[in-house]
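Chain letters run A, B, ... following the sequence lines, proteins first and then strands; every chain starts at 1. Note that these values count all heavy atoms, side chains included, but never hydrogens, waters or copies made by symmetry.
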Amino acid sequence: GQQVMQIPQYQHVQEGEDFTTYCNSSTTLSNIQWYKQRPGGHPVFLIQLVKSGEVKKQKRLTFQFGEAKKNSSLHITATQTTDVGTYFCAGSFGNEKLTFGTGTRLTIIP
Amino acid sequence: KAGVTQTPRYLIKTRGQQVTLSCSPISGHRSVSWYQQTPGQGLQFLFEYFSETQRNKGNFPGRFSGRQFSNSRSEMNVSTLELGDSALYLCASSIYRTGYYEQYFGPGTRLTVT
């Protein structure tokens, strides 16, 4: 079936360091979404990418969609303790159903 | 606007029993999706309903079923519970933006099967 792989599974960074998580699909995606889930919480929508090579920024967060629409990344600059949580990508393969990546759990070392 | 609400928030059942979970979407949202979240399998799509019709279905056995009512509220049912059904069940309501659906998740129902 169609899968979305996400790496790394865990990432521990010192506060102030950068963080990146990557998503890959073997099949072309029609679009990709990113979500953040705080510990004990539920996923919260962050952003949607649709176009090949698209780059979007939200303050310290930068989201990219690959040229082939098979990969995506989320980069956080100068992490803060509020960035703690699990970041999920979720890809769509042409219908409304979302296939979630396995998530990257980010912990911040103060 | 009120967010997505799910009831109950916590549930303990024994093997073989059945369970019904409820989800009330954000007012105006007509699409409701259900997900199962476990530490081992992550977030897995169960099914999606739109205007009382199942529009998409994940790869779960027939013990998992759902429905949507005319007011867009949705229920999911799991029959003959197994230990492996212990999970956080998340409901998400969606609104269509240009080219995609934006999902809003509820707090989830944590089901424990003993």
Side-chain angles (χ1 to χ4, degrees), chain A residues 1-10 21-25 28-52 54 56 58 63 65 69 72 85-107, chain B residues 1 3-7 9-10 21 23-26 29-51 53-60 66 68 87-110:
Chain A
Q2 292 157 330
Q3 288 185 312
V4 176
M5 308 302 293
Q6 190 173 354
I7 56 168
Q9 191 174 1
Y10 301 96
T21 174
Y22 302 89
C23 272
N24 289 285
S25 169
T28 301
L29 296 161
S30 57
N31 60 71
I32 194 158
Q33 299 182 7
W34 285 91
Y35 292 79
K36 176 184 178 181
Q37 185 173 20
R38 294 181 185 274
H42 56 272
V44 173
F45 176 85
L46 292 176
I47 209 157
Q48 155 95 11
L49 302 169
V50 179
K51 299 176 185 174
S52 168
E54 189 169 13
K56 287 187 177 180
Q58 289 180 351
F63 304 85
F65 202 9
K69 298 183 73 172
S72 181
T86 301
Y87 293 84
F88 292 95
C89 61
S92 176
F93 295 94
N95 57 25
E96 294 77 18
K97 172 186 163 185
L98 284 177
T99 300
F100 277 78
T102 47
T104 297
R105 183 180 295 180
L106 172 64
T107 56
Chain B
K1 263 188 184 178
V4 178
T5 57
Q6 291 187 246
T7 56
R9 293 292 311 278
Y10 303 91
L21 311 180
C23 171
S24 292
I26 292 172
H29 290 197
R30 294 165 62 190
S31 170
V32 173
S33 298
W34 287 90
Y35 295 85
Q36 181 196 65
Q37 186 173 33
T38 59
Q41 299 296 320
L43 264 165
Q44 292 193 290
F45 173 80
L46 281 155
F47 27 67
E48 184 222 357
Y49 287 87
F50 182 86
S51 293
T53 302
Q54 188 181 86
R55 191 159 64 172
N56 284 295
K57 190 176 186 303
N59 298 321
F60 277 79
Q68 187 180 33
L88 180 67
Y89 289 88
L90 291 159
C91 163
S93 74
S94 304
I95 188 166
Y96 185 73
R97 306 291 189 195
T98 304
Y100 70 97
Y101 281 85
E102 186 171 315
Q103 294 204 350
Y104 294 81
F105 282 84
T109 294
R110 185 162 297 280

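Between chain A and the residues B:Y96, B:F105, B:F50, the largest count of heavy-atom pairs under 4.5 Å involves B:F105. Contact tally against chain B (heavy-atom pairs below 4.5 Å) for A:P43, A:G101, A:G41, A:G40: the top residue is A:P43.
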Could you give me the CA-CA distance, side-chain angles and deciding distance for A:F100 and B:Y35, then say whether side-chain contact (heavy atoms from CB on, under 4.5 Å) is met? CA-CA 10 Å; A:F100 277 78; B:Y35 295 85; 3.4 Å; yes
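A distance of 6.5 Å separates CG in B:L43 from CD in A:Q37, rounded to the nearest 0.5 Å.
More than 12 non-hydrogen atoms from other residues, nucleotides or ligands lie less than 6.0 angstrom from CZ of B:F60. Heavy atoms of other residues, nucleotides or ligands lying less than 6.0 angstrom from NZ of B:K57 number more than 12.
Residues B:E102 and A:F45 form a side-chain contact, since some pair of their non-hydrogen atoms from C-beta on lies under 4.5 Å apart. Side-chain contact between A:H42 and B:Y104 is absent, with no heavy atoms from C-beta onward closer than 4.5 Å.
Contact annotation for B:Q44: neither backbone nor side-chain heavy atoms come within less than 4.5 Å of a heavy atom of chain A.
Side chain of A:Q33 to main chain of B:Y101: a donor-acceptor pair is present (N/O by atom type, distance under 3.5 Å, no hydrogens or angles).
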